[in-house]
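So the structure is just underneath, and the comments pick up after that.
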Amino acid sequence: MIRSGYIFFLILLYGEFASHAANRDSLWNAWQNKELHDTLRRDAIHDLGWSYVNSNPDSAVYYSKLEYNFCVRKKFPVGQSDAMNTTGVAYLMKAEYDSALVYLERSAQLLEQIGEKGKAGIAKINIGSIYGRQDKLMNALDYFYQAAEIFEEIEDSVLLVKAFFNIGVVHKKMGETDVALKHYFRALETCKKYNIPDMESLSYANIANTYKELGKIDSSGYYIQKALAIQVTLGDIEGQGRSHNIIADNFLLLGLPDSAKVHAYTAISIRQRIDDIQGIASTSNLLGRIHFELARYDSALYYFNEGLRAGIQSSSLIEQSSAYEGLARVYEKKGSYADALKNYKLFIACSDSLNSDENFKALAQQEMQYEFNKKALHDSLNRRNELTAVQLAGEKQQAVAKEAGRRNLVILSGVLAALILAGVIAVILYRSNKRRKKDHEIISHQKSEVELQKHLLEEKNDEITDSIIYAKRIQSAILPPVKLVQSYLPDSFVLYQPKDIVAGDFYWCHQAGDTLLLGVSDCTGHGVPGALVSVVCNNALTRSVSEYKLTVPNLVLDKTRELVLETFERSEDQVRDGMDMALIAISKNAAGVYTKLQFAGANNGLYIIRNGILTELKPDKQPVGKFENARPFTLQTETLEPGDLVFLFSDGFADQFGGPKAKKLKYQPLKDFLCNYHTVKMSGMEAKLQRFFNDWRGGYEQIDDVCIIGFRVTA
């Protein structure tokens, strides 16, 4: 069982912990210098104490008490509350929660008395967080709600969002998921209202995590993609690591371990780069589960060991527990039963440590109930004995004799029954043990065979994957560099997103004098078959222009079809593969501006947007390949003006399933999107298209290759 961690926001009054040892001497000297103004001396001793909170909490407590006594003498109540806050947080770092609560509650009371509402709200958040860690959930809720009221009153939207997060966490721990979601959505609305994008992405992540725990993976995928889009825009690397981890977990829950692996590798790469130890532990354990599902047990073993190492380093019992559980399952599959048992025991020990508070409470309750029941039984027996002494005194001897005879008979019968039962059990155990040994020999042999076959299969899969990755390098070399396209068309973009490692879609560019040919092709299939067809079609296209000197799009497609059919007709098998394509040729006028556009399309059309109005050039309904009733391709000509936008595309974008009803996107939303953002620079258009696609796709798998080229005509 993989546990979900609950994390409370702690809002420290003085930002991040300082540990500038080099400055501590100067702070101490300033504190000792009685000629300095009292405010400067107080600031010095406060900063000195705070600098030790994380590295040496005991020293922090010592210096904060010096600060407190000084502020009492100088009648400086804000300083008193700050000193108590430092002491409370220092005890919190030591996990001495009761002492931390004493000082933080005193700090909050004093802050309320002197009207420091913002700081009082922060103190209440910290108090609630401690109660939450102690599983005193009603106390935690009380303080979080008080803090939320304060933050609403003083209109501090950022702190209000954090209060909503904490309230949601408590309700989730209480099993009230609907109430938790309500507060996560309240946090989201607040972020949108006050434009707090970093907290907005965290709101989406909380919502996604909650839906994931409810088993609503589609909803989880939708919201985590929204979180990821914001994190990419903000450059929030840590957030991207969290989001890719959730997306990977979702794919694994959907039974898609290969898709999960892609996002998990992205997450682990990010978390290693920023040295997020607990994050590394979490993602390593997730990779262990993924490889376990893929039956790649050696890889699973490696990642679970990495998760354990990072879990120990970060003192995360949750991740240690997850790692031990995973190692036990892997060793069991590998037939290393001693190692499996060892790790299972460690998993149980970690689980017991995680649940120690609950176990203690349950044990205390059981002991109280036991004491109550024992006392009630004792009183009942006393009353019964007194009654028996009065009513049965005359019949005592007769009853004793009769009872003794009955007891002896019962004992004799019991002994005989026990002997018979023992004999039957012995025979059953003997036969069962003999059969079990035989079954174990058969199973061991079968396991050895299966393990050998799986090992060979894993090696073969690795070889195939390596070959495909190398094929991607070859295919990438065929594609023109994006910089080359942008050298001809400065305000342009190429959105190219294969479904698999290699793709059936490709884009093509060729310069012939003052004419530039540009095309987007969608070959039959995707993955390896599509990539093989793309090589044939790309070669035929290039030959049509370079060898046969054709530059008019319809003639180029006619010749390309002829060359593709010629290639496939050499095979003894009937091959009907080919490609759909949108192909244009644009020519410059005397001033060097592209003004003439010629278009031919094989099932793929073309969009031209002028002043926000979209014109669509329809293609011929036939592919570049074998087709019944094939006919010559049609040429269409348009005059371009500076500012016009031109888009060529394959069908992968419009055919993607997603959205709230898991339907195809289709072309009309794509048209509307392009018109709505026609004033945006092409580089920005690409990013918006990518986000639009990811938001629509949500947690669904990409079903086809995606390729879109867009450019603006410049003077």
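For this chain, numbers begin at 1 and follow the sequence in order. As the structure is a computational prediction, the values presented were derived from the model and not from experiment.
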Working for side-chain hydrogen bond (donor to acceptor under 3.5 Å, both in side chains), residues Glu67 and Thr86: CA-CA 10 Å; Glu67 177 190 4; Thr86 303; 4.6 Å; no
When the ring planes of Phe673 and Tyr677 are compared, do they come out parallel, tilted or perpendicular, using 30° and 60° as the limits? tilted
For the residue pair Tyr607 and Phe649, does the interplanar ring angle fall in the parallel (under 30°), tilted (30 to 60°) or perpendicular (over 60°) class? tilted
Might you work through the side-chain contact (heavy atoms from CB on, under 4.5 Å) test for Asp198 and Asp236, ending with a clear yes or no? CA-CA 8 Å; Asp198 56 333; Asp236 177 8; 5.7 Å; no
How long is the gap from CG on Leu188 to OH on Tyr184, to the nearest 0.5 Å? 13.0 Å
Residues, nucleotides or ligands: over 12 heavy atoms within 6.0 Å of Tyr324 OH: yes
Which residue in the set Ile224, Ile246, Leu214 passes side chain to side chain contact (heavy atoms under 4.5 Å, CB included) when paired with Asn209? Ile246
Would you say the side-chain atoms of Gln497 and Gln702 include a donor-acceptor pair closer than 3.5 Å? yes
Looking only at atom types and distance, does a side-chain atom of Ser203 sit under 3.5 Å from a main-chain N or O of Met199, one as donor and one as acceptor? yes
Please say whether more than 12 non-hydrogen atoms of neighbouring residues, nucleotides or ligands are located less than 6.0 Å from CD in Glu155. no
Exam field: side chain Gln146 to backbone Lys124, donor-acceptor pair closer than 3.5 Å: no
Spell out, as yes or no, whether a donor-acceptor pair under 3.5 Å connects the side chain of Thr266 to the backbone of Val262. yes
Steps toward side-chain contact (heavy atoms from CB on, under 4.5 Å) verdict (Phe151, Phe164): CA-CA 11 Å; Phe151 298 145; Phe164 285 151; over 6 Å; no
What's the separation between atom CG in Leu645 and atom CZ in Phe647, rounded to the nearest 0.5 Å? 4.5 Å
May I ask you to check whether over 12 heavy atoms, not counting those of Lys94, lie within 6.0 Å of atom NZ? yes
Would you mind checking if Arg309 and Glu306 are paired as a salt bridge, meaning a charged N to carboxylate O distance below 4.0 Å? yes
Measure across Gly132 and Ala140 and return the closest heavy-atom pair with its distance rounded to 0.1 Å. N-CB, 3.7 Å
Backbone N/O of Ala208 and side chain of Ser220: donor-acceptor pair under 3.5 Å: yes
Find the distance between NE2 (His171) and CG (Asn166) and round it off to the nearest 0.5 Å. 11.5 Å
Are more than 12 heavy atoms, taken from residues, nucleotides or ligands other than Lys671, located less than 6.0 Å from that residue's NZ atom? yes
Regarding Glu200 and Lys192, does a basic nitrogen lie under 4.0 Å from an acidic carboxylate oxygen? no
Run the numbers on Arg242 and Ile270 for side-chain contact (heavy atoms from CB on, under 4.5 Å), then give the verdict. CA-CA 9 Å; Arg242 285 196 307 270; Ile270 290 171; over 6 Å; no
Indicate the ring-plane relationship of Tyr145 and His183, choosing parallel, tilted or perpendicular according to the 30° and 60° boundaries. perpendicular
Heavy-atom pair with the smallest gap, counting every atom of Arg271 and Gly279: NH1-O, 3.1 Å
Please give me the minimum heavy-atom distance between Ala90 and Pro57, naming the atom from each residue. O-CB, 3.5 Å
Under 4.0 Å between a Lys/Arg side-chain N and an Asp/Glu carboxylate O for Lys499 and Glu701? yes
Residue pair Phe304 / Asn285: nearest heavy atoms and the distance that separates them: CE2-O, 3.4 Å
Asn305 side chain to Leu301 backbone, donor-acceptor under 3.5 Å: yes
Pairwise distance CD(Gln240) to CG(Leu234) - rounded to 0.5 angstrom: 9.5 Å
Donor-acceptor under 3.5 Å (Arg186 side chain, Phe165 main chain): no
Aromatic ring pairing Tyr131/Tyr143, orientation class (parallel under 30°, perpendicular over 60°, tilted between): parallel
Carboxylate-amine/guanidinium contact Arg691 Glu686, below 4.0 Å: no
Are the charged groups of Lys681 and Asp491 less than 4.0 angstrom apart, N to O? no
Compute whether any side-chain donor of one residue and acceptor of the other, for Ser107 and Asn85, lie under 3.5 angstrom apart. no
Testing the basics here: between Ala267 and Gly241, what is the closest heavy-atom pair and its distance to 0.1 Å? CB-O, 3.5 Å
Can you tell me if Ser284 uses its side chain to pair, donor with acceptor, with the backbone of Ala281 under 3.5 Å? no
Do the side chain of Thr210 and the main chain of Asn206 share a donor and acceptor less than 3.5 angstrom apart? yes
Going from CZ on Arg273 to CD1 on Ile280, what distance comes out if it is rounded to the nearest 0.5 angstrom? 11.5 Å
Between Tyr194 and Ser157 the two heavy atoms that sit nearest each other are CD1-CB, 3.5 Å
Parallel under 30°, tilted from 30 to 60°, perpendicular over 60°: which one fits the rings of Tyr223 and Tyr211? parallel
Geometric class of the Tyr507/Tyr496 ring pair [parallel <30°, tilted 30-60°, perpendicular >60°]: perpendicular
With a sphere of 6.0 Å drawn around CZ of Arg329, does it hold more than 12 non-hydrogen atoms of other residues, nucleotides or ligands? no
Exam field: side chain Ser321 to backbone Leu317, donor-acceptor pair closer than 3.5 Å: no
State the CZ-SG distance between Phe185 and Cys191, to the nearest 0.5 angstrom. 12.5 Å
Between the side chains of Glu213 and Thr177, does any donor sit under 3.5 Å from an acceptor? no
Looking at Ser492 and Phe711, would you say the former's side chain and the latter's main chain have a donor-acceptor pair under 3.5 Å? no
Under 4.0 Å between a Lys/Arg side-chain N and an Asp/Glu carboxylate O for Lys666 and Asp655? no
